[in-house]
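Structure, as structure tokens:
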Amino acid sequence: MEIQKQLKSHGAWIGKWTFILAATGSAVGLGNIWGFPYKAGTNGGGAFVLIYLGCILIIGLPIMISEIIIGRRAGNSPINAMKKIAIESNRSSIWQLVGWSGIFAGILILSFYSVIAGICLNYIFIAFTSNGLISSPDQFSSVISSPINLIAWHTIFIVLTALIVSAGVKDGIGRMVKILMPMLGFLMIFMVVYSMINGNFSQAMSFLFAPDFSNVTSDTLLQAMGQAFFSLSLGMGSIMAYGAYMPKNQNVVNSSFTVASLDTLIAILAGLAIFPIIFAFNLEPNSGPGLVFVSMLSAFNQMQFGQLIGPLFFILLSVAALSSSISLLEPGVAYLSEEGVLSRKSSAIIISIFIWILGLGSAFSFNIWSDFNLIGNKNFLDSMDFLANQILLPLGGMLIAIFVGWYMDKSLIKSEVGVTNSLLYRMWRFFVKFVAPLCVGYIFYRQFF
Ligand code: PFF
């Protein structure tokens with residue numbers, strides 16, 4: 001067996017709740033509050049929600065448990081964790097490629113994530129510097145038409161992310177999530193109550209929970225699955241990296257359930273905050289990515305206290321985005337710094353610069369590159385999104401499930417989960433070995449062949 005060099009450690013979360021807060025912070029983000037409602041909206045509502053929930057339960061949750069097991073057992077960044085556990089299980093170290101693909105996916109995701117989060121910051125700024133959220137009806141087009149403007153806010157967001165990550169696991173990420181997450185929870189509940197009172201709540205409920213399967217296609221399946229991976233931050237090593245800092249006495253299965261449930265709850269709450277308002281103003285639920293940035297904005301503009309609630313909504317989005325973006329940057333930074341080549345700070349700076357440059361393409365896709373298509377008929381931003389969320393994350397997740405289900409040494413798994421004769425354990429095993437890989441494989445097959 002190859003002897004592993006001693007890798008630098010990154011510290012650990014203090015207490016059980018820090019992992020839960022950090023992992024929930026990673027999971028809850030633009031994907032829940034911006035992505036989930038608009039995707040549910042364009043895919044017919046209830047049917048999409050139901051398929052999405054199915055994906056979370058039978059694919060997402062088993063893979064989340066697997067990622068945490070690998071991460072905590074290894075105590076390293078995803079690349080080294082995959083390598084180390086593969087070697088300890090007498091398998092080829094080629095499995096580290098899963099870690100590499102994850103870092104690559106994280107870079108792609110953060111590059112456009114930051115541009116969109118930047119738009120949220122820009123809205124907040126506009127709200128506080130002009131008297132109210134909107135100065136003209138088409139705020140969104142004026143925000144996105146200027147490359148300089150988008151790039152400036154993209155820069156601010158990346159810098160914030162890099163600052164937190166470079167401060168370290170305990171003092172940076174751990175400390176920030178304790179502030180950001182309660183804030184997020186409070187704002188979210190506030191928004192839902194506001195929508196219940198001021199919007200058309202019953203129509204929103206039936207839109208989200210009465211499924212109509214007539215429009216479900218293979219693309220709906222792929223979108224729901226991609227959304228499940230994206231929303232739970234799976235398939236790219238964020239949760240694996242966070243798992244590496246989890247205390248040894250913390251229960252992996254219970255923590256995963258908590259994180260997945262909170263993530264799903266927030267996505268549903270976001271739907272319940274947005275759609276009542278959309279319906280109350282007779283706006284279209286299927287307007288796509290502009291749902292939050294255009295439709296909601298025009299609704300806020302006409303609503304009672306809208307000028308106050310609107311900025312709060314975008315603060316909520318920004319907080320959620322920041323607690324996720326740090327988890328997108330962490331795996332790469334952890335890898336570079338544990339290899340001992342660069343300090344954590346320099347690693348964060350170098351990777352962020354790279355991501356910033358890539359993000360320019362996404363910023364341009366709203367304006368000077370709006371006619372430029374990279375993959376098929378998708379512009380630069382949509383291509384990054386497609387490549388990462390619908391290909392790399394499910395693929396990475398599938399490989400992680402196959403690795404844990406078929407290749408990882410059982411005694412290593414046992415040392416992380418404790419009991420291996422319970423019904424829950426056997427169910428998890430079954431899902432990881434068969435259900436998750438086959439479902440991902442099937443959805444890929446239907447979509448691409
Ligand atoms: N889960 C985040 C969201 O829903 O916005 C985005 C994300 C974070 C995706 C971390 C992937 C990841 F590794």
Side-chain angles (χ1 to χ4, degrees), residues 21-40 52 55-56 60-61 63-64 67-68 71 77-79 98-120 157 161 164-165 173 177 180-181 184 188 223-244 256 259-260 262-271 289 292 316-335 351 355 384-397 400:
L21 287 179
T24 307
S26 166
V28 174
L30 294 176
N32 303 59
I33 307 172
W34 166 70
F36 174 78
Y38 98 68
K39 285 179 192 166
Y52 172 76
C55 290
I56 294 274
L61 194 57
I63 295 180
M64 178 178 275
E67 279 205 29
I68 300 176
S77 73
I79 295 176
V98 175
W100 283 104
S101 132
I103 304 248
F104 182 57
I107 290 174
L108 296 190
I109 296 175
L110 190 48
S111 76
F112 69 83
Y113 205 83
S114 160
V115 173
I116 295 169
I119 299 177
C120 301
F157 188 79
T161 305
I164 300 176
V165 172
I173 304 176
V177 291
L180 295 178
M181 297 315 288
L184 188 146
M188 194 76 237
Q223 281 209 40
M225 180 179 70
Q227 176 66 19
F229 274 99
F230 185 75
S231 191
L232 290 178
S233 304
L234 296 176
M236 64 139 283
S238 280
I239 294 294
M240 199 185 285
Y242 277 12
S256 303
V259 173
L262 286 172
D263 182 61
T264 309
L265 180 71
I266 300 274
I268 303 274
L269 287 180
V292 159
L316 166 67
L317 261 175
S318 309
V319 166
L322 194 59
S323 64
S324 297
S325 63
I326 49 185
S327 76
L328 284 160
L329 186 58
E330 175 62 20
V333 170
Y335 175 70
I351 302 181
I355 291 172
M384 295 294 119
D385 181 19
F386 172 77
L387 200 62
N389 302 342
Q390 294 185 26
I391 310 280
L392 291 175
L393 298 190
L395 194 66
I400 289 168

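Read the numbers this way: they start at 1 and go in the same order the structure lists the ligands and their atoms. All values below come from the heavy atoms of this structure, side chains included, with hydrogens, waters and symmetry mates left out.
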Could you list which atoms of ligand 1 come closer than 4.0 Å to a heavy atom of [X]?
{"X": "N32", "value": "4 (O)"}
{"X": "S238", "value": "10 (C), 12 (C), 13 (F)"}
{"X": "G31", "value": "3 (C), 4 (O), 5 (O)"}
{"X": "L30", "value": "5 (O)"}
{"X": "A27", "value": "1 (N), 2 (C), 3 (C), 4 (O)"}
{"X": "Y113", "value": "2 (C), 3 (C), 5 (O), 6 (C)"}
{"X": "S231", "value": "1 (N), 4 (O)"}

>> Does either side chain, that of Y242 or that of S233, offer a donor lying less than 3.5 Å from an acceptor on the other one?
In response: no
[X] side-chain N/O to [Y] backbone N/O, donor-acceptor pair under 3.5 Å:
{"X": "S114", "Y": "F157", "value": "no"}
{"X": "Q390", "Y": "Q223", "value": "no"}
{"X": "S26", "Y": "L328", "value": "no"}

> Using a heavy-atom cut-off of under 4.0 Å, does the side chain or the backbone of S327 touch ligand 1, or both, or neither?
Replying inline: side chain
> Under the salt bridge (Lys or Arg N to Asp or Glu O under 4.0 Å) test, which residues partner E330, sequence neighbours left out?
Replying inline: R344
